[in-house]
Amino acid sequence: MYTLETIQIPVISPLISIVIFFGLCGMGQIIIKLLKLEKILYPISSVEFQYPIIGIIFITFFIFPFVQLSLFNKDLIYFFSYSLILLGIYFIYINLNKINFPLFKFKKELILIIIIVCYLLISLGLITDADSLDYHTGVPLYILNNEHYPNEKFWIHLTKSGSGEIFYTIGLINHATQLPGLTQFAGILSFLGLFLKKINIKNNYESYHLALIAISCPILIFFVSSAKVQLIYAASSALIFTAIFFSKSKLLKNSNFIIFINILLVTAISAKFSFALSSSILWLSLLIISYKNNFFFKYIIFSIIVFSYILIPRSIYRIDLYEFDLISSFLNPLPTHLYGYKQLHESLTSCGFHGCFPYWLIFPKSLGSFTESLGIGSLAILLIKFNKFKTIFPILLIIISQIVLSFIFGPNNARWYIEPFLWSLITLKYLGFSNITAKKIFFNLGLIQSLIIILPLTFAVYSLTPGSFSKYYSNKVLSKNADGYQLFSWANKNINKDDVLISTHRSFALGNFKVLPGDLFLYTDIKNKKNKIYYEELKNLKPNLILFYDTKKNFKKLENCIGNLIFYKKNVGVKASRNPFNRIDRRFDGYIYEFNYDKLPNCALK
């Protein structure tokens, strides 16, 4: 059975992850050469920095339909995993010494190097955040253990997963536990390549400052230390944005480039539905350009072919599992017609802890939410030079549209604004500043921010990275940083491999046995008869145990389904967090009860 504990091997796992990462670089290099994209990408980016994200996205694009429709076995995943390992070794041997990295001569560039190295080291650390230990790693582990994509309605958080989690199977199947973190690091390299590309001698000075502001954005710490798939697709949207608005329009007619752009856009949508907004805006922008430059029909045809490859299988899966109608299967992010999913939607889009006014884009609400802000770069849109209306108007229109629509429809936190954040900084790079004094202040504040960010980066390296290189430090790192680790460590010692357990704790991917996520109980009234379809699914999976902790939330409502207390431990764990300001010292108890699945659904509905 694949579990995070059996997959992670100290020292070996980080090394395999790095080799696969270089294999992805090699794959990206091959794709760029095959599609002859150098002429388009070279003027806007240091092309080498785009290798890994292109490799990741193209492999994800290819395997997604097969895995989502369960038309695969583990041999397909092994094939890609071993192929990338071999390609990685070859890339290291042949190509690494040929990559031309920029020369860093000044203190600002030294700061840039320190920050980049810190991100790399953090990406090699262990995964500890709650979302990652829920569906981000739970889904790929499920795929590897069952050889099909999850098809349970009761797993409500499953709807937040996508092609990014499918990609992670390529690493996890061969012990590359750090591949999710390196995937986020690939996103940082991608937009770094966009900022560091020289346009002219004068611009080179500004490019380093803008790169500093971009990579010292506090929220990047949040991304690179997790298995979230958001950063790589934010970077790909920045690449598309730059290509559309700041490369020569005649190059955009290239058929290979049209295919390339559409693959990036549709794979982003399949990874996380929130990218449907930015992908639609960018796709429409290029549609208008295609109409003006006489390649409209070619653009439409290629778009239909590429989008169909991903969206039709995705639609089939959603119709079959969630009973969508055809149109809704394409357009609706969640099956809100099913009980519980409307509550999930409300939890994602409400103002919540941060409040509706987005001051937190620049300044965090507290030290506990420090890595949930964008920093000084959020002001970039206010500093853009407005000297050419025809040039600036469409750019500002799509940036503002993305901000406004994200505010109206999206979750109310800073990470959903990272795309307009990057687009604004890129626009500053090409169109310049409206005011020299404002530019100096902006750059100085950015320099201060980059110096400040080194402190939490260093702390994150110290807190997370050693766990990948030693069993002793692995236990130490996870105990402090991974909420639920101590609880599941205790459960793993007591539960047999053939037991099936319902977990009321989110971090169920820490289990070394078959665990069924209990997020159903977070979004529904347990006694509501609409839950019957979910209880029937649970009954078919025959869970014989259920895990509670702390106050045993929902225990009373489920007590007709619960048998004897099998295991109990006082003070089994504490509230762990990557952010030391979010840790709570108060310890909680752990409980494992018998669960009488054969009495479902009636026992829960009484």
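Note that the coordinates shown come from a computational prediction; the quantities given were computed from them, not determined experimentally.
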>> Using modelled atom types and a 3.5 Å cut-off, is there a donor and acceptor pairing between side-chain atoms of S46 and backbone atoms of E48?
In response: no

> Quick one: does I213's side chain get under 4.5 Å of F442's, heavy atoms only?
Replying inline: yes

> Just how far is it from atom CZ of F58 to atom CD1 of I32, taken to the nearest 0.5 Å?
Replying inline: 9.0 Å

> With sequence neighbours left out, what residues match F62 under ring pair (Phe, Tyr, Trp, His ring centres under 6.0 Å)?
Replying inline: F66, F80

> If only atom types and distance count, is the side chain of N481 paired as donor or acceptor with the main-chain N or O of T128 below 3.5 Å?
Replying inline: no

>> For I403 and W423: C-alpha separation, side-chain torsions, deciding distance, then whether side chain to side chain contact (heavy atoms under 4.5 Å, CB included) applies.
In response: CA-CA 11 Å; I403 292 170; W423 297 351; over 6 Å; no

>> Considering only residues two or more places apart or on different chains, which pairs with a residue in residues 118-144 satisfy ring pair (Phe, Tyr, Trp, His ring centres under 6.0 Å)?
In response: Y142-H148

> Do L277 and S274 have side chains that get closer than 4.5 Å, going by heavy atoms?
Replying inline: no

>> Return the CZ to CD distance between F407 and Q402, rounded to the nearest 0.5 Å.
In response: 14.5 Å

>> For the aromatic rings, using the six-membered ring if either is Trp, is the centroid distance between Y549 and W490 under 6.0 Å?
In response: no

> Run the side chain to side chain contact (heavy atoms under 4.5 Å, CB included) check on I166 and T60 step by step: do they pass?
Replying inline: CA-CA 7 Å; I166 290 173; T60 303; 5.8 Å; no

>> Has S163 got a side-chain atom pairing as donor or acceptor with A271's backbone, closer than 3.5 angstrom?
In response: yes

>> Can you confirm whether Q178 sits close enough to L126 that some side-chain heavy atom of one is under 4.5 Å from a side-chain heavy atom of the other?
In response: yes

> Do the side chain of S123 and the main chain of L120 share a donor and acceptor less than 3.5 angstrom apart?
Replying inline: yes

>> If you define the side chain from C-beta out and look only at heavy atoms, does anything of K439 sit under 4.5 Å from L383?
In response: no

> Do L239 and I44 have side-chain heavy atoms sitting under 4.5 Å apart?
Replying inline: yes

> So with a 6.0 Å cut-off around NZ of K480, is the heavy-atom count from everything else above 12?
Replying inline: no

> In this structure, are over 12 heavy atoms from other groups packed under 6.0 Å from F513 atom CZ?
Replying inline: yes

> How far does CD1 of I16 sit from CD1 of I12, to the nearest 0.5 angstrom?
Replying inline: 6.5 Å

> Could you state the interatomic distance from CG (L210) to CD1 (I215), rounded to the nearest 0.5 Å?
Replying inline: 12.0 Å

>> Which heavy atom of D129 sits nearest to which heavy atom of S226, and what is that distance?
In response: OD1-CB, 3.2 Å

> Measuring from E109:CD to I113:CD1, what's the distance to the nearest 0.5 Å?
Replying inline: 8.0 Å

>> Does T137 form a side chain to side chain contact (heavy atoms under 4.5 Å, CB included) with T177? I'd like the steps, not just the answer.
In response: CA-CA 10 Å; T137 52; T177 325; over 6 Å; no

>> Would you say the ring centers of Y417 and F421 fall short of 6.0 Å from each other?
In response: no

> Closest heavy-atom contact between A380 and L425?
Replying inline: CB-CD2, 3.7 Å

> Do Y485 and S474 pass the side-chain hydrogen bond (donor to acceptor under 3.5 Å, both in side chains) test, and can you show the C-alpha distance, the side-chain angles, and the key distance before you say yes or no?
Replying inline: CA-CA 11 Å; Y485 174 73; S474 173; 5.4 Å; no

> Would you call L41 and I54 a side-chain contact if the rule is heavy atoms closer than 4.5 Å?
Replying inline: yes

>> Quick check: closest heavy atoms across Q486 and S479, and the distance to 0.1 Å?
In response: NE2-CB, 3.9 Å

> Going by heavy atoms in the side chains, are D131 and K228 under 4.5 Å from each other?
Replying inline: yes

> Is there a donor-acceptor pair under 3.5 Å between the side chain of D134 and the backbone N or O of A130?
Replying inline: no

> What is the minimum heavy-atom distance between A186 and F21, and which atoms define it?
Replying inline: CB-CE1, 3.9 Å

>> Set out, in order, the CA-CA distance, both residues' side-chain angles and the distance that settles side chain to side chain contact (heavy atoms under 4.5 Å, CB included) for L264 and Y233, then state yes or no.
In response: CA-CA 8 Å; L264 265 57; Y233 293 103; over 6 Å; no

> Is the backbone N or O of T267 less than 3.5 Å from a side-chain atom of S270, with the two atoms forming a donor-acceptor pair by type?
Replying inline: yes

>> Does K197 qualify as a cation-pi partner of Y42, given the criterion of NZ or CZ under 6.0 Å from the six-membered ring centre and within 45 degrees of its axis?
In response: yes

> Under 4.0 Å between a Lys/Arg side-chain N and an Asp/Glu carboxylate O for D550 and K575?
Replying inline: no

> Has the side chain of S81 got a donor or acceptor atom that lies under 3.5 Å from a matching backbone atom of I77?
Replying inline: no

> Where do N512 and M1 come nearest, in terms of heavy atoms and distance?
Replying inline: O-SD, 4.2 Å

> Just by modelled atom types, is the L510 backbone N or O under 3.5 Å from a matching donor or acceptor in the S507 side chain?
Replying inline: no

> Side-chain contact, heavy-atom cut-off 4.5 Å: V229 with T183?
Replying inline: no

> What closest approach, in Å, do L121 and T465 show between heavy atoms, and which atom pair accounts for it?
Replying inline: O-OG1, 2.7 Å

>> For Y2, is there any backbone N or O sitting under 3.5 Å from a side-chain donor or acceptor partner on T6?
In response: no

> Hey, what's the ring geometry for Y82 with Y78, parallel, tilted or perpendicular (30° and 60° as the breaks)?
Replying inline: parallel

>> Please check this pair: side chain of S207 against backbone of F195, looking for a donor-acceptor N/O pair closer than 3.5 Å.
In response: yes

>> So, taking the atom named OG1 in T242 and the one named CG in L194, what distance separates them when rounded to the nearest 0.5 Å?
In response: 4.5 Å

> In terms of the angle between their ring planes, are F246 and Y430 parallel, tilted or perpendicular, with boundaries placed at 30° and 60°?
Replying inline: parallel

> Yes or no on side-chain hydrogen bond (donor to acceptor under 3.5 Å, both in side chains) for S450 and S216, after CA distance, side-chain angles and deciding distance?
Replying inline: CA-CA 5 Å; S450 64; S216 62; 5.3 Å; no

